[in-house]
Amino acid sequence: MSLHHLNPQQTEAVRTTHGPVLILAGAGTGKTRVITERVVHLIDKGVAPHHILAVTFTNKAAREMVARVRGLLKTKRSLQAAAEEGSKPVICTFHSFCVRVLRQFIDRLGYKRNFVIYDPSEQVGVIRRLTSDWTKSHITIKPAEWLSLISRLKNATSWESLGMDAGTQRLAERLMERYGSALKACNAVDFDDLILLVLELFNTDKEVLETCRKNHRYIMVDEYQDTNGKQFQLLKALASEHQNVCVVGDDDQSIYGWRGAEIANLLHLEDHFPGIRVIKLEQNYRSNNTILKAANAVIRHNPLRKDKTLWSSKGEGPLIQLMVFETEEAEAQAVAEGIEVQRLSKRIPWNHQAILFRTNLQARPLETALRQSKIAYRLVGSQSYFDRREVKDILAFLKVLINPDDDISLLRIANVPARGLSAKTMQTLLQLSQDRNTSVWSVMHHSDLDTHLRAAASKSSRGFVSLIEDQRRFLKEENKMGLAHWARSFLDHIGYFTELKHSEKDPKIAENRMQSAQELVSSIDSLTASMGSVKGEDRLNQFLEEIALDQDRLDEKDKQGEGVTLITMHSCKGLEYPHVHIVGLEQGLLPHTRSIDEGSLDEERRLFYVAITRAMESLTISHCETRNKFGQTTPCQPSVFLNELPDKLVELADDVFKRPVSPSSGAAMFDALKSSLDLSDA
């Protein structure tokens, strides 16, 4: 297979197929191309496609890899047979891979194979239920905070490293045990469990481990710097015998330590895979050299890193513009006006511009300024499609039909629409389930139900059970009926759509809710199209699994469109924009106060490095002299990171951008510019 289109280092990375390999891929150096070419090269050398496992962190990245590999295989006639159904490389996220394993073997751990995956809101619901009696004590930790503590405990290499006080840790350990039991009673798992349960299988069942090792003989891991301790254990368990493991990562882009990512997994990989071959990718295909020289200069201040220097063949590019403002409002207004000037004078569309900031609170003045200037924008990280009430309701109905022991989903929809199962009735059933250490569904089936509920409530409960069981019987049959048509008919039959319309006084809001509900229902068929004619239960289960593991697929529909991107620095990794504006580069924001207090500036510096390397053509950086904090005007100091930018790469922007500009004067400036250029807003 010809690799003439790759640079020498990329070619070496593709051709080095046996033994452990570390590919140090700097920002914008074409790592996705290397991974996909490596997959196809392995197949070209005779490796069976299904023996190849490529793991990444996001479903979007996995889908892109799958599409690229499929395209490359189709261009190679000799490899077309390898692309047939049943002989494909496994390209997925860590969590998707673990679901594959658990669907086969989780019954060996006492679960049923039709387990459901709880999302964060469902997890919080379980914690809230388990800690409901703690609110009367002196404990003030909120359910979401408990969930975060439990997640850290589950994934930590050592609990001592978490820095919890002894009392909090004891409570978290006790709650974690109760939480695990509650999920298992509902035949449910959370995202942490997906990896932890597979590790448990590997540690307790040699047959499962050997089967997985035999199936996955060539392993690649993308974004390796983002792995946590448990993910590393998973990788080591799979690859320790054949050693054919290739990890691709960049320690300079390790910015998720607060999520549990351990940069030591990359820095000390040689300790676990002796003789590992290290290949550096340093040629950047995204940015000009002014931007790359600035990024290189900043990141060199981190003492613990693998040395690499990014460079580009794109030339030098314009100097980085540094702007200073009196207030955050002045900063936001000047950035908005600068974006509009570029649109009118240089024909640069809004969607080529991005504004990056450290915290979500910084978005408020930016949104205000963009609205005043009538600039379209999209705020990445706003309410998820899956946070909408109607979406949660429909998914809860579907989950109950697959796994009625799922208490969280059942409690959500038992009385939606109203069917006589009041909150008091459900509380009684929930208490009975806790007393008997079983699910609410089991209690609703019990022969002594009439002794605990009033006659009307008992009748409503049995009616609900009958409704669910009728639909479950239908779904267990092999049928060719479209699931979207079935789901629409079911929801219409129980009166859900009518209830949804009548629940909103504003007709526009009601219509929007109906549209999002219909959109979700319609997506069932498209996400299960590859399954063909099998049982409705299996297709529905696959749909719920796809949704649980890949929520960004539908979320992305809401994020499309023409507009300036507003995004946090943590969310922008993996993205690129022709023109980038980094705002709020001040002590306390970047680096963040918490990092300053903890003496951990390295990760904040890596965050700044990631922000810089998103820019392709131009970069502006700004900071304020004062900022409004908790209703008070507070003086601000420039970030220490500004001192790390070489003077020859930076110039102070023209005075017109330094002064606070009123909305009226800004509008006048735009009108004059449009008049002189004979341009319209269109």
Side-chain angles (χ1 to χ4, degrees), residues 1-47 49 51-57 61-62 64-73 75-76 79 89-91 216-227 232 235 238-239 242-254 263 265-270 272-287 292 296 305-313 573-574 576 613:
M1 186 176 74
S2 175
L3 300 175
H4 65 274
H5 55 290
L6 302 179
N7 67 40
Q9 293 73 33
Q10 291 175 328
T11 301
E12 181 186 4
V14 169
R15 287 179 172 168
T16 307
T17 56
H18 288 77
V21 180
L22 167 59
I23 301 175
L24 283 173
T29 55
K31 66 180 178 61
T32 303
R33 167 181 282 189
V34 168
I35 295 172
T36 53
E37 292 278 4
R38 199 172 189 274
V39 170
V40 176
H41 183 71
L42 282 166
I43 297 171
D44 189 43
K45 293 301 180 183
V47 175
H51 285 161
I52 301 170
L53 171 64
V55 184
T56 186
F57 273 82
E64 182 182 348
M65 283 189 199
V66 168
R68 287 199 190 188
V69 168
R70 186 183 294 124
L72 287 170
L73 289 174
T75 64
K76 314 290 181 181
L79 302 182
V90 178
I91 302 174
H216 308 295
R217 300 176 187 176
Y218 293 84
I219 302 172
M220 282 169 272
V221 182
D222 188 20
E223 301 288 3
Y224 181 70
Q225 76 279 348
D226 293 337
T227 55
F232 171 73
L235 173 66
L238 286 170
H242 56 64
Q243 297 275 305
N244 294 324
V245 58
C246 172
V247 302
V248 186
D250 181 8
D251 50 320
D252 292 336
Q253 295 187 77
S254 179
I263 194 173
N265 290 345
L266 189 151
L267 295 176
H268 305 309
L269 188 61
E270 295 93 331
H272 303 279
F273 293 95
I276 192 169
R277 188 166 178 175
V278 179
I279 302 169
K280 296 182 182 180
L281 303 184
E282 297 173 296
Q283 182 176 357
N284 178 284
Y285 295 92
R286 174 188 299 154
S287 310
L292 297 179
N296 290 331
R305 61 183 291 268
K306 300 280 188 180
D307 183 57
K308 69 187 80 67
T309 302
L310 297 181
W311 62 276
S312 172
S313 61
K573 190 160 76 71
E576 59 184 33
T613 54

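The residue from Asp222, Val34, Thr32 that alone fulfils the side chain to side chain contact (heavy atoms under 4.5 Å, CB included) condition with Val248 is Asp222. Shown are Leu24, Val21, Ile23; of these, the side chain to side chain contact (heavy atoms under 4.5 Å, CB included) with Val278 is made only by Leu24.
Residue Ile279 comes nearest to Ala13 through the heavy atom pair CD1-CA, 3.6 Å, listed as atom of the first residue, atom of the second, then distance. Across all their heavy atoms, Asp226 and Ser254 have their closest contact at OD1-CA, 4.4 Å. Considering every non-hydrogen atom in both Tyr218 and Leu42, the closest pair reads CD2-CD2, 3.8 Å. Residues Pro20 and Pro274 approach most closely at CG-O, 4.3 Å, considering heavy atoms. Taking both residues in full, the closest heavy atoms of Ala27 and Asn284 are given as O-ND2, 2.5 Å, listed atom of the first, atom of the second, then distance. Of all heavy-atom pairs between Ser312 and Ser287, the closest is OG-O, 2.9 Å.
For the pair Gln9 and Lys280, the minimum side-chain heavy-atom distance is 4.5 Å or more. In this structure, the side chains of Asn296 and Trp311 stay at 4.5 Å or more apart for every pair of heavy atoms. A 4.5 Å side-chain heavy-atom check between Glu282 and Thr29 finds every atom pair outside the cut-off. Within the 4.5 Å cutoff, no side-chain heavy atoms of Asn265 are placed close to those of His272. Side-chain contact between Met65 and Thr56 is present, with heavy atoms from C-beta onward closer than 4.5 Å. For the pair Val47 and Arg217, the minimum side-chain heavy-atom distance is 4.5 Å or more. Contact of the Leu266 side chain with the Val247 side chain is not registered, since no non-hydrogen atoms from C-beta on lie closer than 4.5 Å. Within the 4.5 Å cutoff, the side chain of Leu6 has heavy atoms near those of the Val14 side chain.
A donor-acceptor contact shorter than 3.5 Å links the side chain of His242 to the backbone of His216.
Between Asp252 atom CG and Ile263 atom CD1 the span is 7.5 Å, to the nearest 0.5 Å. Rounding to the nearest 0.5 Å gives a distance of 12.5 Å between CZ of Arg277 and CG of Leu22. Taking CG of Asn7 as the reference point, atom CG of Leu281 lies at 7.0 Å (rounded to 0.5 Å). How far OG1 of Thr17 is from CD1 of Ile52: 10.0 Å, rounded to the nearest 0.5 Å. The CZ atom of Arg286 sits 9.5 Å away from the CG atom of Leu310 when rounded to the nearest 0.5 Å. Interatomic distance, CD1 of Ile91 versus CG of Leu53, reported as 9.5 Å (0.5 Å rounding).
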Which is it for Leu235 and Val245 under the side chain to side chain contact (heavy atoms under 4.5 Å, CB included) test, yes or no, and what are the steps along the way? CA-CA 8 Å; Leu235 173 66; Val245 58; 3.5 Å; yes
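Remark: Arg68 does not engage Glu37 in a salt bridge, criterion side-chain N to carboxylate O under 4.0 Å. Ion pairing between a basic and an acidic side chain is recognised when a charged N comes within 4.0 Å of a carboxylate O; Asp250 and Lys308 show such pairing.
In summary, the side chains of Gln225 and Glu223 do present a donor paired with an acceptor at a separation below 3.5 Å, with no hydrogens or angles considered.
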